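We count residues from 1, following the sequence as given. Since we're looking at a predicted model, the values are computed, not measured.
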Amino acid sequence: MKTNKNKYLAVLLSALLVACGGSDNDDKDKDSAYVRVLHASPDAPNVDVFVDSSEVLNNVAFQQGSGYLKVDAGSLEFSLRVSGTETIALEASFNLEADGYYSVIAQNEVASLEFEVLDDTTKKNNGSTDLTVVHASPTAGNVDIYVTANGADLPNMVTLSNVSFDENAALGNVATADYQVRITGEGSDTVVFNSATLPVFADVTAVAVNSAKGASPVSLLIWTDSVTAVLDATSEVRIVHAVDAVSVDVFAGGAELLGDFDYKDTTAYVTVAAGDLAVAIAPANGGIEAALETL
């Protein structure tokens with residue numbers, strides 16, 4: 001379900017955050033709904049959440065999300081404040097349907113803060129495993145998304161093509177297996193994000209958000225019923241040529257990473273595979289066999 005942004009969605013955001021703080025109402029006669037929230041706005045501050053003027057959650061930060069939590073169904077009053085202040089960012093009443101499941105994503109840069117609401121009720125009740133992919137990175141542009149068997153070559157056929165910010169798509173009835181998610185620019189075969197192994201054994205929502213690193217424009221948050229984690233198979237390094245010597249080529253993992261790298265040159269962040277990595281340096285155009293040093 002996708003709604004008009006700031007009022008109803010803001011309410012749902014507050015609702016889920018309230019749920020994160022728990023409820024003291026154990027009245028079994030009341031209907032309940034289930035909601036979760038993800039803070040995906042890269043420059044928005046941490047927030048405190050109030051329900052009926054009582055603080056129920058504080059200091060919710062970028063890339064933090066909750067699992068599904070039970071709240072009373074019906075109409076409630078909520079407010080969202082900048083953490084540690086009296087400044088109200090959002091304030092509204094809302095209605096959640098009984099036995100409904102909802103995912104609420106606070107996204108976009110703070111100047112254009114908005115909310116994406118996903119109605120997960122059918123997904124939670126259909127008895128199958130579903131993978132939902134959400135583009136919530138406001139600076140990444142349109143992307144192609146590949147979901148493959150773990151370790152498979154990038155296929156010729158894209159899984160989800162030309163996905164723009166604020167869009168989401170569900171892949172239903174996914175087989176239980178290990179997967180890999182890779183993201184490229186729309187129409188490109190250059191991978192800008194490469195996930196670690198994604199074991200799919202239950203419903204999963206994968207949310208592309210702004211990266212906190214230097215090179216890749218996005219990171220992928222894996223959001224399950226109870227956990228939110230960054231699933232990234234890469235690291236990022238900067239390289240400096242600080243020896244007054246010949247131009248060099250730099251190899252990482254047996255492949256050329258930099259060519260014709262001159263004295264005093266410095267790179268921006270370069271993406272490499274995480275883990276142990278063999279690095280070799282050779283005179284420019286000499287090939288890896290002419291490596292001067294291997295670390």
*Is it true that Phe165 and Val158 fall in one hydrophobic cluster, defined by side-chain heavy atoms closer than 4.5 Å?*
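Phe165 does not cluster with Val158.
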Could you tabulate the donor-acceptor pairs under 3.5 Å formed by side-chain atoms of residues 134-143, not counting sequence neighbours?
unit_1	atom_1	unit_2	atom_2	d
His135	ND1	Ser137	N	3.4
His135	NE2	Gly141	O	2.8
Ser137	OG	Asn210	OD1	2.6
Thr139	OG1	Asn210	OD1	3.4
Thr139	OG1	Asn210	ND2	3.3
Asn142	ND2	Asn162	OD1	2.9

*Can you name the residues that form a side-chain hydrogen bond (donor to acceptor under 3.5 Å, both in side chains) with Thr132, not counting sequence neighbours?*
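Per chain and number, Thr132 pairs via side-chain hydrogen bond (donor to acceptor under 3.5 Å, both in side chains) with Lys123.
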*asked:* I need the single residue from Asp144, Ile145, Val191 that forms a side chain to side chain contact (heavy atoms under 4.5 Å, CB included) with Ile183. Which is it?
replied: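 That would be Ile145; it is the only one of Asp144, Ile145, Val191 passing the side chain to side chain contact (heavy atoms under 4.5 Å, CB included) with Ile183.
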*Once you round to the nearest 0.5 Å, how far does NZ of Lys124 lie from CG of Asp203?*
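Rounded to the nearest 0.5 Å, the NZ-CG separation comes to 5.5 Å.
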*Ile222 CD1 to Leu131 CG distance, which is reported to the nearest 0.5 Å*: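 Rounded to the nearest 0.5 Å, the CD1-CG separation comes to 7.5 Å.
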*Examine distances only and state if a side-chain atom of Ser32 and a backbone atom of Asp72 form a donor-acceptor pair shorter than 3.5 Å.*
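Between the backbone of Asp72 and the side chain of Ser32 there is no qualifying donor-acceptor contact (under 3.5 Å).
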*asked:* Strictly distance-based, threshold 3.5 Å: is any side-chain N or O of Asp43 a donor or acceptor partner for the main-chain N or O of Val110?
replied: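 Answer holds: yes.
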*Only pairs at least two apart or in different chains count here, so list each salt bridge (Lys or Arg N to Asp or Glu O under 4.0 Å) that has a residue in residues 173-190.*
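Every candidate salt bridge (Lys or Arg N to Asp or Glu O under 4.0 Å) pair involving residues 173-190 fails, so no pair, neighbours aside, qualifies.
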Report the residues that fulfil side-chain contact (heavy atoms from CB on, under 4.5 Å) with [X], sequence neighbours left out, ordered by chain and then residue number.
X: Ser128; answer: Asn126, Asp130, Asn173
X: Ala284; answer: Ser247, Asp249, Asp260
X: Ala61; answer: Asn46, Gln64
X: Asp265; answer: Phe261, Asp262

*asked:* For Trp223 and Ile105: C-alpha separation, side-chain torsions, deciding distance, then whether side-chain contact (heavy atoms from CB on, under 4.5 Å) applies.
replied: CA-CA 11 Å; Trp223 201 11; Ile105 302 170; 3.9 Å; yes
*Sort out for me which residue in Asp225, Thr224, Asp120 forms a side-chain hydrogen bond (donor to acceptor under 3.5 Å, both in side chains) with Tyr68.*
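The passing option is Asp120.
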Side chains of [X] and [Y]: closer than 4.5 Å at any heavy-atom pair?
X: Asp119; Y: Tyr102; answer: yes
X: Val147; Y: Leu171; answer: yes
X: Thr148; Y: Pro155; answer: yes
X: Asp99; Y: Glu97; answer: no

*So His39 and Phe62, would you call those rings parallel, tilted or perpendicular, with 30° and 60° as cut-offs?*
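If you compare the ring of His39 with that of Phe62, the planes turn out perpendicular.
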*With Tyr146, which residues qualify under ring pair (Phe, Tyr, Trp, His ring centres under 6.0 Å), at least two apart?*
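Result, ring pair (Phe, Tyr, Trp, His ring centres under 6.0 Å) vs Tyr146: none returned.
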*Asp153, CG atom: more than 12 neighbouring heavy atoms under 6.0 Å*: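 Check fails, neighbour count at 12 or below.
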